[in-house]
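Quick notes on the structure that follows.
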Amino acid sequence: MELTGIGVGRGIAAGPVKRMPEPLAEPTDIERTAEAEAEIAAAKVSLAAVGEWLRERGVKAGGEAKDVLDAQALMAGDPALAKDIAKRIEAGKTAERAVFDAFSSFQKMLEGMGGYMGERAADLADVAQRVIAHLRGVPAPGVPESDEPFILVAHDLAPADTALLDFTKVFALVTRDGGPTSHTAILARAKSIPAIVGVGAGAESLTDDTLVVVNAATSTVTAGVSRADVDAALVKRSEWLEASNAPITDGALKDGHKVPLLANLGSPKEAAGAIALGAEGVGLFRTELLYLNSKVVPTVEEQAAEYAAILAAAPQGPIVVRTIDAGSDKPVPFLLMPHEENPALGVRGFRLIQDHRDFIEDQLKSLEIARVQTGREVWVMAPMIATVQEAKQFADLARSLGGYKVGIMVETPSIAALIDQLAGIVDFVSVGTNDLSQYLFAADRMNANLGALSNHWQPGLIRTLARIADGANRGGFSVGVCGESASDPAFAVVLAGLGINSVSVSVSQVGAVRASLSALDLAKAKEVANAVLVATSPEEAKAAALDALSQL
Ligand code: PEP
Ligand code: MG
């Protein structure tokens, strides 16, 4: 059986399927019918089993992960908690509900303490889910475990889930939902693994242990293959991995025209990879990714330490840090936001200044502390700017708080039309083509049915990029692209030809983009861009670029 979705990342992978378990439903608050003693005993057994499992996992994982897992095991073994659960069962609750309630009240208490203890509250919720799962006799939610490499199948992956994935085991991702710019897709590019996103209902037929071959180039998942097919695909995978290691030079066209090759980072851990591949700085550091699980507002001191860690770890060159881009598909728990009918069109990105001005100011202050402390060259930019007034508001605020270069992201059609008016206000702009496509085409980037409109080869996007590059070059400030489109090696050439000054790409794509830029000079890149600019469809645009590139 062959399933089709949107192929992301590169390469091929194969192996058995492991599905991401569904999150557990909250236990219903019904009157207990079983004997209290039996329920208390069951809860004790489950707490002990989960504690044991966590400790074993800690030993296997080692390092920092062991400390976290050991701390979780201690939570499962906490006598006060066990007592509280027993009391609730005696008062008439079922074991599941008593576990849920006792952990929730403990969690609230920790959150109330704030700081480090507050951060541990989320770990407690994870332990509670595991104990309830054990009581129900179902798999615990969270990333599946396996000693063998596997293909992870999920409805979609939340950024919080992906933090726990072990990419020496997860060879490919397959999701029912999501489009080419969803977080699953971004992650696949970052980790250099293939992903097929937006497979639709067919993804439900991929049950645990089904053998599959995943091919990003053909956008297919072939299910029910033989062991021999898997082995053949894995040989191709190793060959591809070997071929993607190009020699390291600065990002430039063949004639020496510089196009700095920067990396997109979400945590200090990714910096080593960017350095190894010769990235010339960081073109986008997504600060909100630090806080997707934080229920407690980080203090200036905590933030400054986190930013300093990033600045210290980053590759040499400028580091572009983006202020918080919470909202829409990236909720940050401590920034309480009202329910919105259309969150992608709501109070997100820099618009959070309305209710969370203090947090944005704290970010800028913390970043300044980190900048001074590390002596690194920091550029700061705000996401989701729609008007020149907003750009000025951000630039004035940032300049009043620090000595960094100040810029904005170009993600809305409105600011794209006004680029030349930013002269004298900003030092740089960086185009977020993921959101720019979403708003230009009025097509939700998370909606798999609209993947064709999120395609960066769409002529409407390419012409908009040409106008943005022109406006910035005329205005005398630098213009980079940090959206996923820049990670496509052929598209990076188009961007250079359009007059874009730098590209910021997924770490895994640094080598491939370097190789493609270095293959042709500026005149030829302009020729490719011009050929693409007259295309009337994405297929025609991509074919025109690949055609021009293949003639080299
Ligand atoms: C973008 O929109 O292109 C971008 C880089 O920001 P994010 O993907 O984090 O929204
Ligand atoms: Mg964006």
Side-chain angles (χ1 to χ4, degrees), residues 8-9 156-160 162 178-190 197 262-267 270 282-292 319-332 343-352 363 379-386 390 394 407-416 428-447 450-451 453-458 461-462 464-465 468 479-488 491-492 495 500 502-507 509 513:
V8 187
D156 203 356
L157 291 171
T162 59
T181 57
S182 63
H183 285 286
T184 304
I186 292 174
L187 181 81
R189 287 191 200 96
V197 300
L262 312 167
N264 290 348
L265 296 188
S267 80
E270 293 160 7
V282 175
L284 170 63
F285 179 68
R286 293 176 159 104
T287 55
E288 65 281 358
L289 299 188
L290 296 172
Y291 305 125
L292 294 173
I319 302 151
V320 184
V321 179
R322 173 171 78 183
T323 54
I324 196 133
D325 188 22
S328 190
D329 57 326
K330 287 178 286 196
V332 166
L345 303 181
V347 181
R348 59 165 295 205
F350 184 62
R351 299 169 182 185
L352 289 166
Q363 273 205 301
W379 300 19
V380 65
M381 65 180 180
M384 281 296 289
I385 295 288
E390 282 173 355
F394 175 69
I408 60 156
M409 288 196 76
V410 178
E411 298 181 292
T412 63
S414 145
I415 204 68
F428 72 98
V429 296
S430 179
V431 189
T433 45
N434 308 337
D435 275 316
L436 183 56
S437 288
Q438 157 160 271
Y439 299 120
L440 202 53
F441 293 89
D444 183 349
R445 65 193 267 190
M446 306 296 284
N447 188 331
L450 300 175
L453 291 173
S454 307
N455 182 340
H456 51 266
W457 292 98
Q458 279 286 357
L461 175 68
I462 297 173
T464 307
L465 289 168
I468 295 169
V479 50
V481 171
C482 65
E484 293 300 302
S485 64
S487 296
D488 173 343
F491 201 76
L495 293 175
I500 296 290
S502 66
V503 288
S504 189
V505 309
S506 305
V507 170
Q509 292 299 91
V513 172

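If you're wondering where the values come from, they're calculated on a predicted model, not measured in any experiment. In this chain, residues are counted from 1 in sequence order. For ligands, and for the atoms within them, numbers begin at 1 and follow the listed sequence.
- Within the 4.0 Å heavy-atom criterion, the part of Arg322 lying near ligand 1 is the side chain and not the backbone.
- Which parts of ligand 1 touch Lys330 is read off a 4.0 Å heavy-atom cut-off, strictly below it: atoms 7 (P), 9 (O), 10 (O).
- Within the 4.5 Å cutoff, no side-chain heavy atoms of Asp325 are placed close to those of Arg286.
- Compare Gly432, Ser504, Ser485 by their heavy atoms: the one nearest to atom 1 (C) of ligand 1 is in Gly432.
- Looking at residues two or more places apart in sequence or on another chain, you find a ring pair (Phe, Tyr, Trp, His ring centres under 6.0 Å) between Phe350 and Phe394.
- Ser437 and Gln458 are not linked by any side-chain donor-acceptor pair at a separation below 3.5 angstrom, with hydrogens and angles left out of the test.
- Looking at Thr433 next to ligand 1, an N or O pair under 3.5 Å apart turns up.
- Here Asp325 has side-chain heavy atoms under 4.0 Å from ligand 1, and that is the only part of it that gets that close.
- Within the 4.5 Å cutoff, side-chain heavy atoms of Thr323 are placed close to those of Pro383.
- Distances below 4.0 Å separate heavy atoms of Met409 from the following atoms of ligand 1: 4 (C), 5 (C).
- Taking the six-membered ring where the residue is Trp, Phe491 and Trp457 present perpendicular rings, their angle passing 60° and hence far from 30°.
- Taking only non-hydrogen atoms, the option from His456, Arg286, Arg445 nearest to atom 10 (O) of ligand 1 is Arg445.
- Counting only heavy atoms from C-beta outward, the side chains of Glu390 and Thr412 never approach each other to under 4.5 Å.
- Here the side chains of Phe285 and Leu290 are in contact, with some heavy-atom distance below 4.5 Å.
- Ordered by chain and number, Glu411 OE2, Asp435 OD2 make up the set of protein N, O or S atoms under 2.8 Å of the Mg ion (ligand 2).
- Here is the list of ligand 1 atoms found below 4.0 Å of a heavy atom in Leu284: 5 (C).
- Between the side chain of Arg351 and the backbone N or O of Gly346 there is at least one donor-acceptor pair closer than 3.5 Å.
- Panel note: side chain Asn264, backbone Cys482; a donor-acceptor pair is recorded below 3.5 Å.
- Judged by distance alone, with hydrogens and angles left aside, the side-chain atoms of Ser430 form no donor-acceptor pair with the main-chain N or O of Met409 at under 3.5 Å.
- Under the 4.5 Å side-chain criterion, counting only non-hydrogen atoms from C-beta, Met381 is in contact with Leu284.
- Checking only distances, Asp435 does come within under 3.5 Å of ligand 1, N or O to N or O.
- Residue contacts with ligand 1: Glu484 is excluded, as none of its non-hydrogen atoms falls under 4.0 Å.
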